[in-house]
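Not measured: the values here are computed from a predicted model. Sequence lines set the chain letters: A, B, ... in the order given, protein chains first and strands last, and positions in each chain run from 1.
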2 protein chains.
Amino acid sequence: MVTLAEVARHAGVSASTVSYVLSGKRSISLETRERVEASIQELGYHPNAGARALASSKSNIVALMMPLRSDMYVPVMMEIAIAVATTARTHGYDMLLLTGDEGASAVRRVTRSGLADAMILMDVELKDERLPLLRESDRPAVLIGLPADTTGHTCVDLDFVATGALCVEHLAGLGHRDIAVIGEAPAVYERHTGFAERTLDGLRARSRELGVRLLHRPCEGGYQAVAATLARVFDERPGTTGFIVQNESAVEPLLGLLRQQGRAVPEDVSVVAICPDQVALQASVRLTSVSIPAQEMGRQAVVRVIAKLAGQPEDEVALLTPELSARASSGPAPI
Amino acid sequence: MVTLAEVARHAGVSASTVSYVLSGKRSISLETRERVEASIQELGYHPNAGARALASSKSNIVALMMPLRSDMYVPVMMEIAIAVATTARTHGYDMLLLTGDEGASAVRRVTRSGLADAMILMDVELKDERLPLLRESDRPAVLIGLPADTTGHTCVDLDFVATGALCVEHLAGLGHRDIAVIGEAPAVYERHTGFAERTLDGLRARSRELGVRLLHRPCEGGYQAVAATLARVFDERPGTTGFIVQNESAVEPLLGLLRQQGRAVPEDVSVVAICPDQVALQASVRLTSVSIPAQEMGRQAVVRVIAKLAGQPEDEVALLTPELSARASSGPAPI
DNA sequence: GACCTGCATCGAAGCGCTTCGACGAACTGG
DNA sequence: CCAGTTCGTCGAAGCGCTTCGATGCAGGTC
């Protein structure tokens with residue numbers, strides 16, 4: 001391995017000069033800088049990460065902590081992870097991926113050991129056991145999702161209350177009066193995941209305001225589960241003409257089942273989904289949907305956490321405004 | 001931050017003794033060890049990662065390099081990534097996630113800087129530009145997927161030739177004589193991704209041996225694309241009774257379309273998919289499938305790369321044997 | 001010409017850990 | 001009872017970098 005000292009010798013300068021060329025923290029004459037840079041190129045020098053971390057007490061790594069559970073919608077997590085990794089790189093950081101199975105103690109391990117300079121937590125629950133540990137460490141962190149108590153935390157999330165409201169508005173605007181919500185799996189509610197409950201809040205509040213009847217049913221993904229849920233919905237509310245699908249793995253089964261039952265979309269029933277755009281476009285009907293801006297969430301989380309590393313204190317909650325794209329799965333309510 | 005020296009002082013021993021307690025590289029009396037361990041607990045000591053890396057020239061990090069492209073099947077990648085991260089943890093390693101957008105140079109950066117001790121590359125192409133860089137570095141690496149030339153590399157992959165063969169065998173055994181393959185997106189073939197071509201090899205070879213007519217059509221995911229492909233297939237080979245689906249995002253559209261056309265599964269046509277078990281079980285028909293053992297691939301990659309780190313030279317290709325699970329989507333060919 | 005200023009560079013002191021050689025004490029065998 | 005081991009521990013060197021004075025030198029000022 002090529003070291004700083006070798007570069008220095010090769011360029012005929014001292015080690016500290018090379019270091020300053022690299023960091024730009026002191027002015028270096030153009031001539032010297034170019035000579036040093038040439039040596040770096042020629043020798044193929046890459047600074048040793050460990051030595052750097054030790055000397056500067058900065059690792060240039062951010063840790064992304066993912067939940068291990070698989071009942072979350074996987075593509076969204078993946079998209080966030082990739083956005084975090086690539087955005088971090090553009091700021092000179094690498095990304096360490098922590099899976100939830102190590103539990104909250106991973107937070108302590110990673111921050112205490114100086115492995116990561118900052119953390120981003122995904123899938124934050126209302127009462128998340130990682131949060132106290134985060135507070136006790138002095139490292140910056142950003143949460144993707146909202147805990148019950150956000151004081152002292154920087155959070156990034158889609159505004160799920162507005163998302164719920166938006167879905168109801170859209171359908172109500174088209175004249176639908178009986179709306180069913182195909183919710184997340186029951187386990188998601190039991191775990192008190194913020195986004196599921198907040199969506200529900202938005203859905204309910206807006207339906208009340210608009211005088212729409214709303215039926216919410218949690219639902220596992222997959223064909224069987226959706227079939228059962230759908231049957232129950234039409235049993236309880238035969239007049240249902242609008243569906244809002246929150247659990248993305250229920251989307252395609254729902255469309256298939258409706259078709260099978262001879263209910264045309266959007267002539268007989270309208271469907272609005274909350275899912276990434278890609279899913280909405282690949283479905284058998286081009287879905288009217290509120291997109292989950294996974295990439296933007298990952299990007300923002302990184303930008304904020306790096307701002308905090310740079311010393312800008314920003315303990316605030318950033319809620320992204322949801323956007324509904326009207327496509328082929330929703331239309332006027334039948335008379 | 002608590003340091004080794006503080007622990008040593010607290011326990012009344014020298015720093016090196018604490019280090020040896022931690023590493024176990026020299027024998028330490030029970031009494032001393034317990035005293036040191038108690039101090040570690042009490043002070044909440046975690047060794048500094050940078051200092052460790054510098055002194056031992058080992059970072060205890062493995063890097064996983066993911067392709068950036070999204071035409072690969074996402075859940076599989078995700079599953080591999082999570083398996084790699086968790087398996088690595090059980091061996092005392094953390095996982096750095098590199099996305100493909102940095103290009104091959106990321107390999108050099110990460111190995112030269114000593115950021116990672118080893119690398120795992122996903123989605124290896126037949127002629128992969130990262131491989132030369134890998135060879136020039138002395139760090140161990142494992143490939144998930146097979147390049148054209150595997151000499152000097154350790155590879156882990158599903159045996160896709162056998163996978164293709166297995167699908168054909170299953171359908172041929174049920175009496176099907178005209179089989180259509182819904183392949184990966186055209187871009188996947190153009191890129192010469194090994195697994196797609198090898199699957200095709202297996203499919204073709206076995207069909208030839210068993211005297212089965214095989215029609216292969218690349219196909220994008222999504223409803224529209226599958227509809228077009230399906231129409232062409234029945235146009236060219238009206239007698240087609242068996243389908244092998246390689247592109248997992250074509251599975252559900254295919255089932256929906258067949259249903260729509262009044263073709264019953266498995267009475268009129270049989271469908272075999274190559275996909276993770278979870279997908280096969282969540283589909284509208286419980287799918288006969290050859291599962292993609294993503295988790296096992298991730299696990300094996302880590303185990304092998306750690307073996308190499310420990311000095312065991314193993315430049316070999318490990319092909320996992322595919323397994324077909326017969327479920328509800330395949331049955332005897334109609335007469 | 002003496003003085004100050006600012007720029008470019010150097011030397012040296014660590015950062016917190018691992019690891020090697022050394023050393024005393026306790027044990028072994030002849 | 002002494003040489004030879006083995007065991008448990010310590011001290012010090014050093015990993016490759018950052019960073020803080022210090023220093024030399026050119027240029028400007030009075």
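Inter-axis angle, ends of the helix from C:dG1-D:dC30 to C:dG30-D:dC1, five pairs per end, rounded to 10 degrees: 40°.
With sequence neighbours excluded, no residue forms a ring pair (Phe, Tyr, Trp, His ring centres under 6.0 Å) with B:Tyr93. Residues meeting the salt bridge (Lys or Arg N to Asp or Glu O under 4.0 Å) test with A:Arg89, sequence neighbours left out: A:Asp94, B:Glu102.
Every pair passing side-chain hydrogen bond (donor to acceptor under 3.5 Å, both in side chains) that includes a residue from residues 13-31 of chain B is listed here, sequence neighbours excluded: B:Ser14-B:Ser16, B:Ser14-B:Thr17, B:Ser29-B:Thr32.
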Protein-to-nucleotide contact annotation, 5' to 3' order, nucleotides 6-16 of chain C [B base; S sugar-phosphate only; - none; under 4.0 Å, heavy atom] = --SBBB--BBB
inquiry  = Walk me through whether B:Ser39 and B:His10 qualify under side chain to side chain donor-acceptor pair (under 3.5 Å).
reply    = CA-CA 6 Å; B:Ser39 297; B:His10 187 272; 2.8 Å; yes
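The number of heavy-atom neighbours closer than 6.0 Å to CD of B:Gln295, taken from other residues, nucleotides and ligands shown, is 12 or below.
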Which atom pairs, donor and acceptor, lie under 3.5 Å between side-chain atoms of residues 149-156 of chain A and protein residues at least two apart or in another chain?
residue	atom	partner	partner atom	Å
A:Asp149	OD1	A:Thr151	N	3.1
A:Asp149	OD1	A:Thr151	OG1	2.9
A:Asp149	OD2	A:Thr151	OG1	3.3
A:His153	NE2	A:Arg135	NH2	3.2
A:Thr154	OG1	A:Lys308	NZ	3.0
A:Thr154	OG1	A:Glu314	O	2.5
A:Thr154	OG1	A:Asp315	OD1	3.4

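The side chain of B:Lys25 places no N or O atom within less than 4.0 Å of a non-bridging phosphate oxygen (OP1 or OP2) of C:dT18. Applying the 4.0 Å criterion to OP1 and OP2 of D:dC17, one finds that A:Ser19 has every side-chain N and O outside that range.
For A:Ser59 and A:Asp117, the side-chain atoms include at least one donor-acceptor pair closer than 3.5 Å.
The NE2-P distance, from B:His46 to C:dC17, rounds to 12 Å in whole Å.
When all heavy atoms of B:Arg130 and B:Met65 are compared, the closest pair comes out as CD-CE, 3.6 Å.
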